[in-house]
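Below is one structure, written out as structure tokens, with a few remarks after it.
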Amino acid sequence: MRPHPSESKVADIGRAVDGRRIVNETEGWMRGLIACRNNLSPATPLRGARITGVLHMTAQTAVLIETLSALGADLRWCSSNAFSTQDSVAAAVAKARSASIFAWKGQTPQEYWWCVKKACTWPGGKGPNLILDTGGDLTHLIHVGVDYEISYERTGAPPPHLLGLEPAEESAVILNMLRDQYLRNPAHWRELVQEVVGVCEQTSSGVHRLRQRESNGSLLFPAMSINDCITKSKIENIYGIKHSVLNGLLCALDVMLAGKTVLICGFGDVGMGCAMAMKAAGARCLVAETDPVRALMAGMEGYQVTTIETVLSEVDMFITATGDSGVIRMEHMLKMKKNAVVGNMGHFNREIDMESLRKYPGTKAIEVKPNVQRWTFQDGHSITLLAEGRLLNLICGTGNPSLVMSIAFTLQVLTQAHLWKNRNLAQTLPTVCVPPRKIDTQAALYHLPCIGAELTVSTNNPISSNEVL
Ligand SMILES: NC(=O)c1ccc[n+]([C@@H]2O[C@H](COP(=O)([O-])OP(=O)(O)OC[C@H]3O[C@@H](n4cnc5c(N)ncnc54)[C@H](O)[C@@H]3O)[C@@H](O)[C@H]2O)c1
């Protein structure tokens with residue numbers, strides 16, 4: 001049964017008409033995903049599957065949700081970032097009864113985690129069979145929920161490793177939530193895990209968290225790394241970012257990039273996309289890297305590879321794209337050029353040490369315009385901070401273009417259907433896998449017409465366009 005809009009929590013359901021207009025327009029740019037929907041929906045390959053999605057609640061995500069729904073899934077959804085929801089779009093999806101939506105723009109940490117919990121709890125208490133995660137927050141919640149129950153049963157206290165989680169404010173919220181749930185049903189998370197067939201993780205930071213669990217033997221269900229598909233890492237993460245980093249910067253600042261000195265911290269696929277955009281815009285682009293291989297690649301592309309400390313005083317714009325924390329710290333911000341721009345493209349909002357900046361004695365922030373703040377220090381010098389250290393392409397701009405999201409979301413749909421189809425295959429030890437190569441191939445095939453490409457078919461090794469599912 002399709003969920004009634006009253007089950008959702010969005011900013012204003014009255015904005016559904018505006019949201020629907022945006023979703024319809026976006027469908028026109030996601031022809032590959034729509035072709036996949038039209039091709040697979042008659043067979044409803046996701047019939048019977050309860051899916052929880054944790055992914056930025058944007059117009060492109062709405063097209064993904066409505067594709068999964070057309071394939072037969074029963075969906076609950078929340079955003080993977082407290083600030084990335086397009087409120088009218090969230091209203092449109094809830095109104096259309098395509099999914100129960102728990103998302104609005106500008107959530108407190110309590111609200112954010114409440115939404116994650118609601119999205120994985122069906123009326124009657126059941127959890128998801130399949131998870132579509134971005135950054136791994138839901139996967140993390142389920143795992144710490146299980147840890148909490150086991151520890152409480154054995155020792156009467158939460159596991160010590162939960163108490164030291166960062167950031168402290170979020171870990172307090174999670175602990176409270178787990179405590180409340182434990183009082184209502186002390187086996188809730190263990191029961192929920194029994195029915196999880198697997199998770200498809202969208203982004204590199206989430207895959208990193210999954211691989212940590214895999215290596216220490218604590219992973220509780222199979223995981224698919226969408227990020228490791230070629231059409232994701234080498235197309236969305238490079239060319240999508242190349243487009244959206246510029247879009248975000250220009251929406252925020254309307255600044256001339258030619259002639260500026262820009263430091264990109266991290267030369268993974270996302271950092272590479274940022275560097276390509278800066279170079280193409282005429283900026284002088286520098287790169288900071290911790291991995292010797294990626295540093296060498298950056299050098300081979302003609303970027304000066306350096307450290308943030310070496311070039312602090314000459315850089316006009318700093319962009320982080322590492323997935324790491326504390327990449328730009330107080331000691332750096334204090335010595336930057338006057339009004340240097342500081343922004344983040346990585347998934348977590350801890351690449352720039354915002355906590356220390358907020359607490360630093362004598363600092364003052366004023367809002368120059370939405371998502372652009374000027375922070376002034378006691379000595380009078382100042383920096384310009386974008387989106388309070390959150391993903392600048394999504395918060396200041398409109399995120400990656402619909403075409404590349406269509407490719408990544410087609411991978412998601414095909415991988416969810418693959419997991420559901422093979423749900424009864426026993427896995428002795430859950431692992432993190434890359435989806436089968438034929439899923440990559442199929443996602444590419446759906447999108448070749450979108451760029452007017454014609455494929456050469458080898459007579460020795462033909463590709464069948466019907467080979468998946
Ligand atoms: N903004 C978006 O739309 C978007 C899209 C996809 C991925 N992401 C996120 O962007 C981040 C980067 O993604 P990726 O796919 O390039 O990851 P990646 O792991 O391939 O690359 C990260 C790079 O940063 C380097 N690095 C790590 N710590 C560093 C430090 N302290 N200083 C300098 N370099 C450092 C690593 O060596 C690595 O080469 C992740 O958090 C990912 O989730 C954002």
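The first residue of the sequence shown is numbered 1, and numbering continues consecutively from there. Counting convention: from 1, in listed order, for ligands and their atoms alike. Note that the structure is a prediction, hence the values are computed from the model and not measured.
Residues D353 and R329 come closest through the heavy atom pair CB-CA, 4.2 Å. Counting all heavy atoms, side chain and backbone alike, A94 lies closest to V10 at CB-CG1, 4.4 Å.
Between the side chains of S218 and H143, no donor-acceptor pair is found at a separation under 3.5 Å.
Among T203, N227, D269, the single residue meeting the side chain to side chain donor-acceptor pair (under 3.5 Å) criterion with N237 is N227.
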Identify the protein atoms, limited to N or O, that lie within less than 3.5 Å of an N or O atom of ligand 1, and list each pair with its distance to 0.1 Å.
from     : atom 1 : to   : atom 2 : distance (Å)
ligand 1 : 1 (N)  : M345 : O      : 2.9
ligand 1 : 1 (N)  : N393 : OD1    : 3.0
ligand 1 : 1 (N)  : N393 : ND2    : 3.3
ligand 1 : 3 (O)  : N393 : ND2    : 2.9
ligand 1 : 13 (O) : S204 : OG     : 3.0
ligand 1 : 15 (O) : S204 : OG     : 2.8
ligand 1 : 16 (O) : D269 : N      : 3.1
ligand 1 : 16 (O) : V270 : N      : 2.9
ligand 1 : 17 (O) : S204 : OG     : 3.4
ligand 1 : 26 (N) : T290 : OG1    : 3.3
ligand 1 : 28 (N) : D324 : OD2    : 3.3
ligand 1 : 31 (N) : D324 : OD2    : 3.1
ligand 1 : 37 (O) : E289 : OE1    : 2.9
ligand 1 : 37 (O) : T290 : OG1    : 3.3
ligand 1 : 39 (O) : E289 : OE2    : 2.5
ligand 1 : 41 (O) : S205 : OG     : 2.6
ligand 1 : 41 (O) : H347 : N      : 2.9
ligand 1 : 43 (O) : T203 : OG1    : 2.7
ligand 1 : 43 (O) : S205 : N      : 3.3
ligand 1 : 43 (O) : S205 : OG     : 3.3

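Using cut-offs of 30° and 60° on the angle between ring planes, the pair W114 and W104 is tilted.
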Show your reasoning for whether salt bridge (charged side-chain N to carboxylate O under 4.0 Å, His left out) applies to R209 and D137.
CA-CA 10 Å; R209 290 169 102 178; D137 278 353; 3.0 Å; yes

